[in-house]
Amino acid sequence: MARRLRPVDPGFVGTAPVRLVFTREISASPERVFHALAEDVAGWPQWFSAVTSARATEGGAGREIRLRGGTRFEETVLVAKAPAVYAYRVDTTNAPGVGALVEEWRLAPHGTGTRVRWTFAADGPAPLRFVLGLARPALGRAFRDAVTSLDRRVAER
């Protein structure tokens, strides 16, 4: 059953009790990466293996995401500032324990490519925060694999 999460603003990324931050440099330009993140939402399953379905809603102001295992998210896009920042807040989910969740993607030129920084910012009861800390290595691997796949995908275009 879907539950409504606490609405938070973009500043939550810097103040959340749980902040998992991952960075990777890739060869694609910030413009191409931003396009894949913010404008080709339906393409996410092609490069992020945990995502089975993604669709923009409300003319791009929202997103519906489904993950492997059945987790679902309805999200609001908080920031879409090309080609530097894309952030969204989870409004409803069937994931247990989460009280608030924002993901932020920051893109910066790095040589001829892009430095991609993904921040996973969450809040919830102490057991959830503990589990998210334990999940850090797995989330880091998922991020590295996704961004590597994204780099290949945008290079093909």
Side-chain angles (χ1 to χ4, degrees), residues 1-24 30 33-108 114-150 153-154:
M1 170 159 288
R3 297 178 303 97
R4 182 156 291 284
L5 303 188
R6 184 173 84 246
V8 291
D9 63 25
F12 183 72
V13 169
T15 63
V18 177
R19 292 181 68 249
L20 305 176
V21 181
F22 306 97
T23 304
R24 187 163 183 101
V33 176
F34 184 86
H35 174 81
L37 290 171
E39 297 165 15
D40 185 19
V41 173
W44 278 56
Q46 303 302 313
W47 57 270
F48 207 127
S49 65
V51 177
T52 60
S53 170
R55 126 181 137 79
T57 61
E58 301 176 39
R63 302 167 12 126
E64 287 183 0
I65 305 292
R66 293 182 183 267
L67 303 180
R68 291 193 194 291
T71 303
R72 295 183 313 275
F73 300 109
E74 291 181 14
E75 303 169 339
T76 296
V77 175
L78 299 173
V79 181
K81 189 159 104 179
V85 184
Y86 185 61
Y88 43 87
R89 171 187 68 219
V90 175
D91 295 318
T92 60
T93 184
N94 63 344
V98 181
L101 177 59
V102 172
E103 294 181 43
E104 178 188 75
W105 298 78
R106 287 208 171 256
L107 312 174
T114 304
R115 174 175 286 125
V116 180
R117 185 178 77 196
W118 176 52
T119 303
F120 181 94
D123 190 14
L128 173 80
R129 291 184 298 218
F130 178 74
V131 168
L132 287 175
L134 293 177
R136 180 182 187 77
L139 286 169
R141 276 191 304 281
F143 166 75
R144 283 188 305 277
D145 292 348
V147 172
T148 299
S149 183
L150 171 62
R153 178 175 168 82
V154 298

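Predicted model, so just to flag it, every value in this text is computed and none were measured. Start at 1 with the first residue, then count along the sequence.
- Residues Thr52 and Pro45 form no side-chain contact, since every pair of their non-hydrogen atoms from C-beta on lies 4.5 Å or further apart.
- Annotation for Phe34 and Ala80: closest pair CZ-C, 3.9 Å, computed over non-hydrogen atoms.
- Residues that satisfy the side-chain contact (heavy atoms from CB on, under 4.5 Å) test with Arg55, not counting sequence neighbours, are Thr57, Glu64.
- To the nearest 0.5 angstrom, Glu75 atom CD is 4.5 Å from Arg63 atom CZ.
- Nearest approach of Ala36 to Val154, heavy atoms of both residues: CB-CG1, 3.9 Å.
- Taking the salt bridge (charged side-chain N to carboxylate O under 4.0 Å, His left out) definition, one finds that Arg141 meets it with nothing, sequence neighbours left out.
- Partners of Arg129 under the side-chain contact (heavy atoms from CB on, under 4.5 Å) rule, at least two apart in sequence or in another chain, are Pro17, Val18, Asp123, Ala126.
- Residues satisfying the side-chain hydrogen bond (donor to acceptor under 3.5 Å, both in side chains) criterion with Glu39, sequence neighbours excluded, are His35.
- Note on residues 82-91: pairs passing salt bridge (charged side-chain N to carboxylate O under 4.0 Å, His left out), not counting sequence neighbours, are Arg89-Asp91.
- The side-chain contact (heavy atoms from CB on, under 4.5 Å) check on Thr148 picks up Arg24, Arg152, with sequence neighbours excluded.
- Sorted by first then second residue, the ring pair (Phe, Tyr, Trp, His ring centres under 6.0 Å) pairs that include residues 52-87, not counting sequence neighbours, are Tyr86-Tyr88.
- The two residues Ala54 and Val51 come nearest to each other via the heavy atoms CB-CG1, 4.1 Å.
- Judged as a ring pair (Phe, Tyr, Trp, His ring centres under 6.0 Å), and not counting sequence neighbours, the contacts of Trp47 are Trp44.
- Distance alone, capped at 3.5 Å, places no donor-acceptor pair between the Thr92 side chain and the Arg3 backbone.
- In this structure, the side chains of Asp40 and Arg153 come closer than 4.5 Å at one or more pairs of heavy atoms.
- Once rounded to the nearest 0.5 Å, the distance linking CG of Leu132 with CZ of Arg19 reads 14.0 Å.
- For the pair Arg136 and Phe120, the cation-pi criterion (under 6.0 Å, within 45° of the ring axis) is not fulfilled.
- Under the rule for a side-chain hydrogen bond (donor to acceptor under 3.5 Å, both in side chains), Thr71 has no partner lying at least two apart in sequence or in another chain.
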#### Entry: side chain to side chain contact (heavy atoms under 4.5 Å, CB included) evaluation trace for Val116 with Phe143
CA-CA 10 Å; Val116 180; Phe143 166 75; 4.1 Å; yes
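- Partners of Arg115 according to the salt bridge (charged side-chain N to carboxylate O under 4.0 Å, His left out) rule, which considers only residues two or more places apart in sequence or in another chain, are Glu25.
- In terms of heavy-atom proximity, Val98 sits nearest to Leu5 at O-CD2, 3.0 Å.
- The CG atom of Leu150 sits 12.0 Å away from atom CD of Gln46, with the distance rounded to the nearest 0.5 Å.
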### Task
In sequence, state the C-alpha distance, the side-chain angles, and the governing distance for Trp118 and Leu37, and then conclude on side chain to side chain contact (heavy atoms under 4.5 Å, CB included).
CA-CA 12 Å; Trp118 176 52; Leu37 290 171; over 6 Å; no
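- With sequence neighbours left out, the side-chain contact (heavy atoms from CB on, under 4.5 Å) criterion links Pro10 to Leu78, Val79.
- Atoms CG and CG, on Asn94 and Leu67 in that order, are 9.0 Å from each other to the nearest 0.5 Å.
- Applying the salt bridge (charged side-chain N to carboxylate O under 4.0 Å, His left out) definition to pairs two or more places apart or across chains, none involves residues 45-54.
- Gly140 approaches Phe22 most closely through the heavy-atom pair CA-CE2, 3.3 Å.
- At least one side-chain heavy atom of Val102 sits less than 4.5 Å from a side-chain heavy atom of Val8.
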